[in-house]
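Here's the structure, in structure tokens; my notes come after.
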Amino acid sequence: MQLDFSSDLSNVVKIIDTLKHKKGALLPILHQIQREIGYIPLKTIDTIAKKLQQTPAEIHGVISFYHQFRTSQPGEHKIQICRAEACQSRGSRELEQHAKEHLAIDYRGTTADKKFSLDSVYCLGNCATGPNIRINDELYGRVNNEKFERLVSTFKTQINGR
């Protein structure tokens, strides 16, 4: 669910005020913001820092360290490519390069039409059928460049066919 920035900021303030008294509150706060807003807007970092008496650099450092946090709105469909060793041995490095070129984005990016976002993940638990990807909550195995393009095309058709 995407909200306007003033709603985002008021939600962020409520989340911080609810959780700031917990020991190690930053991670629970960031997780809750992302759960409610869908990402952590860069414009909220100063507010988080002030309320937790930390610097914006500290907050940004934590956000950028953990790959699951996003600072931009994700696409309608979230694509994750497995980068674990088993998938790498079956061609995931070539697949990830192709995916980046095909979508014209890098990891943590969102396509210009806001339909797809691309992220890496370090094991989808389906090692025997790598390389694997997950689109939203669906797992796909034995994904090569052609299969990737077919899947993206299928999701584009679903989007446009609404």
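Given the structure is predicted, the values throughout are model-derived calculations rather than measurements. The first residue of the sequence shown is numbered 1, and numbering continues consecutively from there.
Within 6.0 Å of atom CD in Gln68, more than 12 heavy atoms from other residues, nucleotides or ligands are found, so the atom counts as buried in its surroundings. Other residues, nucleotides and ligands contribute more than 12 heavy atoms inside 6.0 Å of the NE2 atom of His31.
Between the side chain of Asn132 and the backbone N or O of Asn126 there is at least one donor-acceptor pair closer than 3.5 Å. No donor-acceptor pair under 3.5 Å is formed between the side chain of Lys156 and the backbone N or O of Leu151. Distance alone, capped at 3.5 Å, places no donor-acceptor pair between the Asp106 side chain and the Gly109 backbone. Counting only distance, with no hydrogens or angles, the side chain of Asn136 and the backbone of Glu138 share no donor-acceptor pair below 3.5 Å.
Minimum heavy-atom separation, His102 to Phe148: CD2-CE2, 4.0 Å. Taking every heavy atom of both residues into account, Gly130 and Cys87 meet most closely at CA-SG, 3.8 Å.
By the 4.0 Å N-to-carboxylate-O rule, Asp17 lies close enough to Lys51 to be salt-bridged with it.
Judged by distance alone, the side chains of Arg70 and Thr110 do bring a donor and an acceptor atom under 3.5 Å apart. Side-chain contact check for His77 and Gln158: no donor-acceptor pair (N or O, by modelled atom type) lies under 3.5 Å.
With sequence neighbours excluded, the residues satisfying side-chain hydrogen bond (donor to acceptor under 3.5 Å, both in side chains) with Glu101 are Gln97.
The side chain to side chain donor-acceptor pair (under 3.5 Å) contacts involving residues 79-92 comprise Gln80-Arg134, Arg83-Glu96, Arg83-Tyr122, Gln88-Arg93, where partners must be two or more places apart or lie in separate chains.
Under the 4.5 Å side-chain heavy-atom criterion for ILVMFWY residues, no single connected hydrophobic cluster contains both Val121 and Ile79.
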